[in-house]
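Take a look at the structure set out below.
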Amino acid sequence: RAVAMESRPAIPTHTVGYKQSAKTVDATHDARVQTNVRLRKENRQEEMRKKRANVTTPEQQMANEPAAPSVLVSPSEVPIENEILTWIPGIYNDADRDAQFQAVQKFRKLMSKVDPPIDLVLRSNIVPKVVTLVYNIEMPEMQLEAAWLLTNIVSGTSAQTQAVVRCDGIRAFVTMLRSPSLEVCKQCMWALANIAGDGPDLRDEILRCGVLAAIASIISNDQAKYVIHQAIWLLSNLCRPFTRPVELSLLAPAIVVLIPVLTHPVDDSVAVDAVWSVSFIAERSSARVDALVTAGVVPPLCALIRRGTSRNRDLMIACMKAINNMLTGQLQHVQVFLDHGILDALRSALDMGSRVAESAASFIARVCQGFPEQIQMVITAGLLPIIFTLASGYTSVASEAIRVLANIASYGHRDQVLTLVSMNVIPIFCNHLQDNFYSPTLIIHALSSILMSGKRDGGANEFARVVEECGGMEKLELLEMNSGDAVSTAAGTLLRQYFPREEAIAVDPDADYGTPLTSGLLSFGSAEPHDPYNF
């Protein structure tokens, strides 16, 4: 929640934290989002404090308004409570607009201080009157000061925000989004974004007031390009799922608004906020992904990934989050991305920082959990050499790279498995069999598919020999003895299938045993057909 102390900077602000936290299954996800953006939020607020301490707005310059007198006096002279009492009559002085303006401006400057006394101002009971002043289109400078004052109040606690909402502040801000003054429009968007950040109830109330139509009008207005950053930031806050996602019926107009912004963004910061909006809409809902795909989000998203790989890491992070949220496991969603060249776009992403590379590898791993035809597209795109390079080490990127290779081995056809073997995938799997950083079961499944591909009629399994030479058999034996039930069972089954032990038996020299006894072989895995999109 940002305090309105300066004009909105161009720094992406989609991740402004919201104040309430709920103990839900998504609490960990929400906490991670807040932690990742805390430092950026603090830096942004510090910039706002520096830039906006002594701002004179264009409206004030045109009206030749004199500079406001000092807001605060020394605490040793007059307590602030007594000072506020002298300002209150001016707020209600409709007969003298200049005096009224000066009173509003004094309150606004007080609220622009660090740690402003919000509760003290609320107890003065001026909020209802200040909300009415937001409608005063005859004095845009008065509108601006009133909206600015209220914005700083709604940047506080939920109770402080509700004090403005109860006075019909939301409707006033939404109405004034169509103000001819762009400064007023911008300030109202700032206030609405702060209110939307309070939680899902107020977010939905803003949406029901028709805010998306006003945002669409601003974005389509060539004269309003300078406030588009604020409009898209507001839109991203309105798309936040919080603990309760927005109803799709309320979000449908937002998707329409986003398409031209994604296709022709004013700059990278606008693109970042627009992509985060897509990410928020797609989160936890296949129906929302259907709506995004149908509206045509995928082509501009893929184009932005190509653009972000060379220009903007923040844009790439947002794009990676969006495409992974949209990859819900339905065949049509995966194929649409593949048809628009997402794999070629991801090649450069795999060479970027760990967070971007991890997300790119995660997307590829999910593609490889599909059908052999889609796995072949990954191979044809030339991504395997990069994936093999990333698979070394003990990082989150390496973990996702291992998952790519394991999925190809498990779900690909024999020729695709042989391609992995020719690139020395067996030593990689064997090296990580006992590492807690990786899933042993995932690697055991992959080795089972590889060993099955190495079977020959009447001949030795060459792949089994490679596994044994790489120390894989010994690690499987240790997993069988020391791991939990699922891992132990999987390791034991693989050992009995491809590394049978010779067992000592009692022999009667006078008996005819015929053919030597062998232990029964257990089949590995399930006989059930694989559903490639059940993940």
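A side-chain donor-acceptor contact under 3.5 Å links Ser236 to the backbone of Trp233. Judged by distance alone, with hydrogens and angles left aside, the side-chain atoms of Asn325 form a donor-acceptor pair with the main-chain N or O of Ser279 at under 3.5 Å. Without hydrogens or angle criteria, Thr380 side chain to Met377 main chain gives no donor-acceptor distance under 3.5 Å. In this structure, the side chain of Asn221 does not engage the main chain of Ser217 through any donor-acceptor pair within 3.5 Å. Side chain of Gln374 to main chain of Cys368: no donor-acceptor pair is present (N/O by atom type, distance under 3.5 Å, no hydrogens or angles). With hydrogens and angles ignored, the 3.5 Å screen pairs no side-chain donor or acceptor of Arg108 with any backbone N or O of Glu145. Remark: side-chain polar atoms of Thr389 are paired, donor with acceptor, to backbone N or O of Pro385 under 3.5 angstrom. Of the possible polar contacts, none joining the Ser285 side chain to the Ile281 backbone as a donor-acceptor pair under 3.5 Å is found. Without hydrogens or angle criteria, Arg313 side chain to Met352 main chain gives no donor-acceptor distance under 3.5 Å. In terms of modelled atom types and a separation under 3.5 Å, the side chain of Glu358 and the main chain of Arg355 share no donor-acceptor contact.
Salt bridge annotation for Glu400-Arg403: present, with a cationic side-chain nitrogen under 4.0 angstrom from a carboxylate oxygen. A salt bridge is absent between Arg306 and Asp344; no separation between the charged side-chain nitrogens and carboxylate oxygens falls under 4.0 Å. At a threshold of 4.0 Å, the pair Arg244-Asp204 counts as salt-bridged, since one of the basic side-chain nitrogens sits closer than that to a carboxylate oxygen.
A heavy-atom distance below 4.5 Å is not found between the side chains of Leu301 and His340. Taking the side chain as every heavy atom from C-beta outward, Asn152 and Pro116 never approach each other to under 4.5 Å. Contact check for Leu327 versus Ile323: no side-chain heavy atoms found under the 4.5 Å cut-off. Ser359 has its side chain out of reach of Lys321: every pair of non-hydrogen atoms, C-beta onward, lies at least 4.5 Å apart. Side chains of Phe363 and Phe337 form a contact here, defined as non-hydrogen atoms less than 4.5 Å apart. Counting heavy atoms from C-beta outward, Asn237 and Asn194 have side chains that stay 4.5 Å or more apart.
Closest of all the heavy-atom pairs between Gly156 and Thr161 is O-OG1, 4.2 Å. Across all their heavy atoms, Ala282 and Val289 have their closest contact at O-CG2, 3.8 Å. Shortest non-hydrogen contact noted between Ala231 and Ile218 is CB-CG2, 4.3 Å.
The environment of Arg171 atom CZ is sparse: at most 12 non-hydrogen atoms of other residues, nucleotides or ligands sit within 6.0 angstrom. Environment of CD1 in Ile137: sparse, with no more than 12 heavy atoms of neighbouring residues, nucleotides or ligands closer than 6.0 Å.
One finds the CG atom of Leu192 at 8.0 Å from the CD1 atom of Ile215 (value rounded to the nearest 0.5 Å). Here Ile402 contributes atom CD1 and Asn407 contributes atom CG; the two are 11.0 Å apart, rounded to the nearest 0.5 Å.
A side-chain contact (heavy atoms from CB on, under 4.5 Å) with Leu149 is found for exactly one of Val164, Val130, Val134, namely Val130.
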Report the C-alpha distance between Val211 and Phe173 in whole Å, list the side-chain angles of each, state the deciding distance to 0.1 Å, and finish with yes or no for side-chain contact (heavy atoms from CB on, under 4.5 Å). CA-CA 9 Å; Val211 67; Phe173 292 135; over 6 Å; no
Candidate pair His333 and Asp290, rule side-chain contact (heavy atoms from CB on, under 4.5 Å), full reasoning: CA-CA 8 Å; His333 299 159; Asp290 283 336; 2.6 Å; yes
Take Leu262 and Val275, measure what side-chain contact (heavy atoms from CB on, under 4.5 Å) needs, and give me the verdict at the end. CA-CA 7 Å; Leu262 291 168; Val275 174; 3.8 Å; yes
Between Thr157 and Gln162, does a side-chain contact (heavy atoms from CB on, under 4.5 Å) hold up when you go through it step by step? CA-CA 9 Å; Thr157 65; Gln162 286 290 348; over 6 Å; no
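Inspection of the Thr151 and Gln187 side chains reveals an N or O donor paired with an N or O acceptor under 3.5 Å. In summary, the side chains of Asp273 and His229 do not present any donor paired with an acceptor at a separation below 3.5 Å, with no hydrogens or angles considered. Side-chain polar atoms of Ser158 and Asp198 form a donor-acceptor pair below 3.5 angstrom.
Centroid-to-centroid, the aromatic rings of Tyr411 and Phe371 stay 6.0 Å apart or farther.
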